[in-house]
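Just below is one structure, and these are the notes that go with it.
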Protein chains: 2
Amino acid sequence: MSKYRSNTVEDFAEIFKALSNSHRLTIYRRLSSCCAPGSGCGSEADMRRCVGDLGRDLGIAPSTLSHHIKELRRVGLIRVERRGQRMECWIDPDVLDALTGFLSRSAVD
Amino acid sequence: MSKYRSNTVEDFAEIFKALSNSHRLTIYRRLSSCCAPGSGCGSEADMRRCVGDLGRDLGIAPSTLSHHIKELRRVGLIRVERRGQRMECWIDPDVLDALTGFLSRSAVD
DNA sequence: TCGATATTTCGACATACTTCGAATTATACT
DNA sequence: AGTATAATTCGAAGTATGTCGAAATATCGA
């Protein structure tokens, strides 16, 4: 039931670019230790983490953190939703699947 | 018998950066339609492609192509060896495995 | 309503990246 | 030796990225 479909090589290049910064990659991995909503491998609270938590101990300014979150969101790797004061983030598993599929699949071109 | 071992998040970020340019990603995918040497899924000739072939129809200057090949090589994604006038390239399957493993594995941190 | 907490937006700056053309190196062929 | 082909190195130019601080927005609690 993968609803995600990325079309071009450019799309995937953008996704890789989002993971090409060590701060963003760390953020993404911290999220990937949680589960996707609806995947039933943890409580709701375990699936999501707020922006502040994700950037803890990274040594970057809040504005920089926000910029990185925005970038991960832009390419579709993560989803974000407000919950009170916090912005809760979680991984879009479809995009991750598309990415690993893209890597292992042989090029047509 | 995976002899490749990447240590840090920074290493993986570098690998993703190498794939974050659509020209380099296209080059890499053209190579991944071949097989690794020793994997026995094709003749020797099928496993490798020279720099000029990999950059065909990409619309970039030879010097730019060379720069991209160098970058893919630097992070370990591909291997290069001279064969006469040509430089033959092929994929390092260990690094690709490490990459997909890294993506699916949960973060410890 | 006022202050605290969480996050974003904006503008600025330094650094890194992509690309090119010109010149250079390596190999093959005649 | 001389020429052609394949690829690299170098320097330059424009663009993109990562980062910050200051100011703004959103929500919660007293």
Side-chain angles (χ1 to χ4, degrees), chain A residues 8-31 34 45 48-90, chain B residues 8-31 34 45 47-91:
Chain A
T8 65
V9 173
E10 282 77 15
D11 291 335
F12 282 106
E14 286 279 288
I15 295 175
F16 284 125
K17 188 186 297 175
L19 297 174
S20 75
N21 174 276
S22 47
H23 289 148
R24 280 197 299 268
L25 188 52
T26 299
I27 291 167
Y28 186 74
R29 293 204 88 215
R30 284 179 179 178
L31 264 184
C34 317
R48 304 176 171 204
R49 294 181 68 183
C50 73
V51 169
D53 282 353
L54 290 172
R56 188 156 337 279
D57 299 323
L58 251 44
I60 58 177
S63 56
T64 305
L65 174 59
S66 181
H67 166 72
H68 286 322
I69 295 285
K70 193 177 178 182
E71 201 56 22
L72 288 169
R73 187 183 193 176
R74 186 180 67 81
V75 302
L77 279 168
I78 70 171
R79 300 193 166 256
V80 181
E81 195 177 60
R82 180 174 286 280
R83 172 99 123 202
Q85 283 174 292
R86 319 284 178 85
M87 295 295 278
E88 284 184 333
C89 310
W90 69 97
Chain B
T8 65
V9 173
E10 282 77 15
D11 291 335
F12 282 106
E14 287 278 288
I15 296 175
F16 284 124
K17 188 186 296 174
L19 296 174
S20 75
N21 174 279
S22 46
H23 289 148
R24 279 197 299 267
L25 189 52
T26 299
I27 291 167
Y28 186 76
R29 294 204 86 216
R30 283 179 179 177
L31 264 184
C34 317
M47 298 167 180
R48 303 174 171 208
R49 294 180 69 182
C50 72
V51 169
D53 283 352
L54 290 171
R56 189 158 333 281
D57 299 324
L58 250 44
I60 57 177
S63 57
T64 305
L65 174 59
S66 181
H67 166 74
H68 285 323
I69 294 285
K70 193 177 178 181
E71 200 56 22
L72 288 169
R73 187 184 194 175
R74 186 180 67 81
V75 302
L77 279 167
I78 69 171
R79 300 193 167 256
V80 180
E81 196 177 57
R82 180 174 287 278
R83 172 98 123 203
Q85 282 174 292
R86 319 285 178 86
M87 296 294 278
E88 285 184 334
C89 310
W90 68 97
I91 287 213

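Only this structure's heavy atoms are used, side chains among them; waters, hydrogens and symmetry mates stay out. Note on naming: letters A, B, ... go to the chains in the order of the sequence lines (proteins, then strands), and numbering restarts at 1 for each one.
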Can you figure out which of C:dT7, D:dT8, D:dT17 approaches the side chain of B:Ser66 most closely? D:dT8
Proximal nucleotide (of D:dT19, C:dC20, D:dC28) relative to the A:Gln85 side chain: D:dC28
For the side chain of A:His68, starting at C-beta, report the closest nucleotide among C:dT18, D:dT19, D:dT5. D:dT19
Presence of B:Thr64 side-chain N/O under 4.0 Å of C:dC20 phosphate oxygens OP1/OP2: yes
Over all heavy atoms of both residues, which pair between B:Gly52 and B:Leu65 is shortest? Give the atoms and the distance, please. CA-CD2, 4.4 Å
Given C:dT8, is OP1 or OP2 found less than 4.0 Å from the side-chain N or O atoms of A:Lys70? no
Can you say whether the rings of A:Phe16 and B:Phe16 are parallel (under 30°), tilted (30 to 60°) or perpendicular (over 60°)? parallel
So does A:Arg24 get a side-chain nitrogen or oxygen closer than 4.0 Å to the phosphate oxygens (OP1/OP2) of D:dT17? no
Taking N and O atoms by type only, does the side chain of A:Ser63 place a donor or acceptor under 3.5 Å from a partner on the base of D:dG21? yes
Would you mind telling me which of C:dA6, D:dC20, C:dT7 lies closest to the side-chain atoms of A:Ile60? D:dC20
With the side chain defined as heavy atoms from C-beta on, A:Asn21 is closest, among D:dT8, C:dT27, D:dT19, to D:dT19
Under 4.0 angstrom between A:His67 side-chain N/O and D:dC20 OP1 or OP2: no
Could you pull out the closest heavy-atom pair between B:Val9 and A:Ser22, with the gap in Å? CG1-O, 3.9 Å
